[in-house]
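Here, residue 1 is the first one in the sequence, and each next residue gets the next number. What you are looking at is a predicted structure, and each value in this text was computed from that prediction instead of being measured.
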Amino acid sequence: MPEAERAQVAEQVFVGNEAEEDVGLDQSVGLDAQMGEGWSQHAYGGEDSDDFDRGYTVEGVIEPHMIDGFLHGEENRQFRSKVWEEFTKIRVGGVVTKGQCMHCNAEISAKRGAGTSAMSTHLRRCKARMSVNRVVNQLKSTVMSPEGIALKDWRFNQDTSRKELLRMISLHGFPLAVVDYDGFRRFVSSLNPVFKMVSRRTITDDCSKKYQEEKQVLLDVLKNVKGRVSLTMDMWTSNQILGYMCITCHFTDDDWKMHKRTLKFSFMKTPHTGVAMFNAVLRFLQEWNIEDKLFAVTLDNASNNNAMMKLLKSNLLEKKMLLGKGKLLHQRCAAHVLNLICKAGLEIINPIVHKIRESVKYVQGSTSRKQKFEEIIQQLSLSCEKRPKVDTCTRWNSTYLMLKISFKLRRAFDSLGQQDQEYTFAPTSEEWEKSRKVRKLLKIFFAATTVVSGTLYPTANLHFHEIWEIRLVLENQVPEADAELAETIQYMQRKFRRYWKLTWLQIAFPVIFDPRFKLKFIDFRLKQAFGSDAEAKIEIVKKTLLDLFKDYSDSQETTQAPSVTVQTNASGRYADWDNHVNLNTQPTNEVPSELESYLSKPAIPRSDGFFDILGWWRSNALEYPTLSRMARDALVAPASSVASESAFSHAKRLISDFRSRLSPKTVEELMCLQDWFRASGSTKFSMESIDRCLLDESNEL
């Protein structure tokens, strides 16, 4: 066809399309006048409108709203009629042929030249749409408040409500069978009789689909993470006598904010040997495409974990996927180690706290005793609002909390012993003093466990300081302790030394990236810890640092952020270090390399408040491009596997004696979805609150 003729035909098509849309618009305006405000109350609206449009029909594909034109020769169809607000376009061969009603899913012809009158007629007769409008009008007439005014823009959609139902069940751990409960169905029907309740099987299928959607989103997120990721891992046995492996991923975003996500909560066949666990972890890394992005794995000190980590390290080193020769890959859970040390000591400490435990049991044993105890507390004007609970003998932290609260109510227990002849467990003054020493000892472990158990702030740089504090307490407690307590402390010291020997490098290394301490602090502490053997240990630290720096030097990335400032306060547990710095700091006029420049500069002043260490590295990434990448990866590695262990608490409620038929696949989907939904908006336990907690504890001593 000649060029001029083609231009003439195109002009005629354009004019025809314009006339067609004008007719549709005029009909829509007329329909608006007839139907009033209810016209705009269509199905999917706002940000969720795209979700419904991803489905498929028998004859064509439902197109997303974002593609309204400029596709396959329909550049001039603008679809301006308001009927399209309540219809979804269905394309066949790239051309819109039908519109699908968002209320009843009916399909109406919408070919070029057909106009929109058929769709307008359908909307006037659509029973599903009438039901929705009737509900909205009733709500608007009964809700006399700002919420009632907001109903003007409210739109009901079955699929949106189903998504919210799934989110509620996953987020709060409700049973999937809740959708079959008569009471729940009646309640939902009273809120919106138009909503069609789904079955348990349907909501299970929805859960699987949502899991796959969110998993793909997370895969894209992890793919674009600039730094490396670290993992925490733990095993758990359900009441079904099935073993589950939980793996949590820790990483930072572009703003250097920490995130954690549960990526795996899957059934694992027995036996749980090191080889079997290695194969499971390797498949997981490959499934999530993070095999070449792994920095560290934190887990407890079980023998099968140690065997698994040896195999994993060897495998990744052979593939050249680890940095720094993998020396920092295996991180032992600090909370688990502290728990082992305290449990070992509790075996000897238990006789000391026996009378206090029996006293709490006695008070809690009957309502009359509780009332009597409360009266005594009021008579003595004691300000303690909490009441002691009987501890679990195998959980040292519960013993600490019992002793802490009981000691505040010591006078009440003494008074109860004078007034109640049946109460024969009243501790003597000497026994109260022994319990105070036990509480003081356990308090250090409790505070350290609280700090290293964080998941939303860096704990790697804090780990060493907490362990060092415990080391000093154990050493200084022996001279002033009586024979019974001294035996406990000596036993705990032996456990501590074994742990220190295994982990000193892994817990000391991240402190180098704390600009308040750097390598000189590690040099100083290791000389105190190892004496004549310190030089060899320091050389290991330096070699590890240099090897890691060389591996990171291949590529650089720089970012910029506001500077972070702190105020100095040279006191407390670091007083000896401050004196050492003042005596050994010398000015220099050299222009060293990036690593030498960082290490040679004086440490920045400390403050007692919260220090945003990731924020500091972000703001100094231009000056230290390679070191900032090293710091980001080293600091994000968690000091404990609490992130994985905490998932088991919810799993116990999910797989209870009354809900033990869930398949392992459904369990994993529900566990992961709950964590992902919570991550989108949850209460964060920040490091600032940790500081306040520790400050309150120190004031109580």
Side-chain angles (χ1 to χ4, degrees), residues 234 298-302 305 331-357 360 388-407 431 433-454 459 462-478 480-504 507 573 638-642 644-646 648-649 690 693-694 697-698 700-701:
D234 208 348
T298 304
L299 26 67
D300 62 38
N301 207 30
N305 285 338
Q331 303 281 339
R332 288 174 170 80
C333 173
H336 177 74
V337 172
L338 296 179
N339 183 54
L340 291 178
I341 296 174
C342 286
K343 285 177 67 176
L346 274 179
E347 297 176 2
I348 306 173
I349 289 176
N350 269 329
I352 298 178
V353 299
H354 173 72
K355 281 193 173 182
I356 295 180
R357 181 181 295 116
V360 175
K389 295 181 179 180
V390 180
D391 68 328
T392 302
C393 297
T394 56
R395 296 183 61 184
W396 66 270
N397 55 330
S398 66
T399 302
Y400 164 73
L401 293 173
M402 181 187 71
L403 294 176
K404 174 185 174 182
I405 300 173
S406 298
F407 195 81
E431 289 169 335
E433 180 60 21
K434 286 183 178 181
S435 71
R436 186 192 67 81
K437 293 179 180 179
V438 171
R439 178 178 66 89
K440 184 178 179 181
L441 177 63
L442 293 180
K443 175 188 176 296
I444 304 300
F445 285 86
F446 187 84
T449 302
T450 303
V451 171
V452 300
S453 298
T459 55
L462 307 174
H463 187 181
F464 181 87
H465 303 299
E466 299 303 323
I467 294 300
W468 187 264
E469 188 74 6
I470 289 174
R471 179 179 183 272
L472 294 180
V473 169
L474 291 177
E475 290 179 352
N476 297 333
Q477 285 281 341
V478 175
E480 63 179 33
D482 53 41
E484 194 172 12
L485 190 57
E487 181 184 358
T488 301
I489 294 175
Q490 290 172 359
Y491 188 55
M492 295 172 75
Q493 283 179 336
R494 290 195 293 271
K495 288 278 186 179
F496 178 86
R497 293 191 191 102
R498 180 183 176 187
Y499 165 65
W500 173 263
K501 183 178 179 181
L502 289 172
T503 64
W504 67 268
I507 67 175
R573 65 169 75 171
S640 73
S641 60
V642 169
S644 295
E645 294 175 8
S646 61
F648 302 149
S649 298
I690 292 286
C693 176
L694 297 181
E697 289 282 351
S698 62
E700 291 175 1
L701 285 180

Give the table of side-chain donor-acceptor pairs shorter than 3.5 Å for residues 334-343, with sequence neighbours excluded, one pair per line with atom names and distance.
| residue | atom | partner | partner atom | Å |
| --- | --- | --- | --- | --- |
| N339 | OD1 | W396 | NE1 | 3.1 |

When rounded to the nearest 0.5 angstrom, what is the spacing between [atom1] in [X] and [atom2] in [Y]?
| X | Y | atom1 | atom2 | value |
| --- | --- | --- | --- | --- |
| Q493 | E475 | CD | CD | 6.5 Å |
| L403 | D391 | CG | CG | 7.5 Å |
| I507 | Q331 | CD1 | CD | 9.5 Å |
| L502 | Y499 | CG | OH | 9.5 Å |
| F407 | E433 | CZ | CD | 6.5 Å |

Subject >> side-chain contact (heavy atoms from CB on, under 4.5 Å) involving R395 - partner list, sequence neighbours excluded >> reply: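 Counting only residues at least two positions away or on another chain, R395 forms a side-chain contact (heavy atoms from CB on, under 4.5 Å) with T392, N397, S398.
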Original post:
Partners of K434 by side-chain contact (heavy atoms from CB on, under 4.5 Å), sequence neighbours excluded?
Top reply: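 Partners of K434 by the side-chain contact (heavy atoms from CB on, under 4.5 Å) criterion, ordered by chain and then number, come out as I352, E430, D482, E484.
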Original post:
How about L441 and M492: do any of their side-chain heavy atoms sit closer than 4.5 Å?
Top reply: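 The answer is yes, as the side chains (C-beta and beyond) meet within the 4.5 Å cut-off.
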Original post:
With a 4.5 Å heavy-atom cut-off, do W504 and I467 have their side chains touching?
Top reply: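 Contact flag for W504/I467 side chains = no.
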Original post:
Are the side chain of E469 and the backbone of I444 linked by a donor-acceptor contact shorter than 3.5 Å?
Top reply: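 No.
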Subject >> Short side-chain to backbone donor-acceptor contact, T298 and P638, under 3.5 Å >> reply: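 Confirmed, T298 side chain pairs with P638 backbone.
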Original post:
K404 and Y400: side-chain contact (heavy atoms from CB on, under 4.5 Å), yes or no, with the steps?
Top reply: CA-CA 6 Å; K404 174 185 174 182; Y400 164 73; 3.9 Å; yes
Looking at every non-hydrogen atom in both residues, tell me the closest pair between [X] and [Y] and how far apart they are.
| X | Y | answer |
| --- | --- | --- |
| M402 | K389 | CG-O, 3.4 Å |
| A639 | H463 | CB-ND1, 3.8 Å |
| V360 | P388 | CG1-O, 3.7 Å |
| T459 | G454 | CG2-O, 3.6 Å |

Original post:
Can you say whether the rings of F464 and W468 are parallel (under 30°), tilted (30 to 60°) or perpendicular (over 60°)?
Top reply: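 The arrangement is parallel - the two ring planes meet at less than 30°.
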Subject >> Partner residues of D300 under the salt bridge (charged side-chain N to carboxylate O under 4.0 Å, His left out) criterion, sequence neighbours left out >> reply: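 Testing D300 for salt bridge (charged side-chain N to carboxylate O under 4.0 Å, His left out), a comparison that skips the adjacent residues, returns none.
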**OP:** Among residues two or more places apart or on two chains, list those pairs meeting salt bridge (Lys or Arg N to Asp or Glu O under 4.0 Å) that have a residue in residues 486-497.
**Re:**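 Qualifying pairs: none.
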**OP:** Just jot down the side-chain hydrogen bond (donor to acceptor under 3.5 Å, both in side chains) partners of S406, sequence neighbours excluded, or say none.
**Re:**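 Listed in chain order: nothing, the list is empty.
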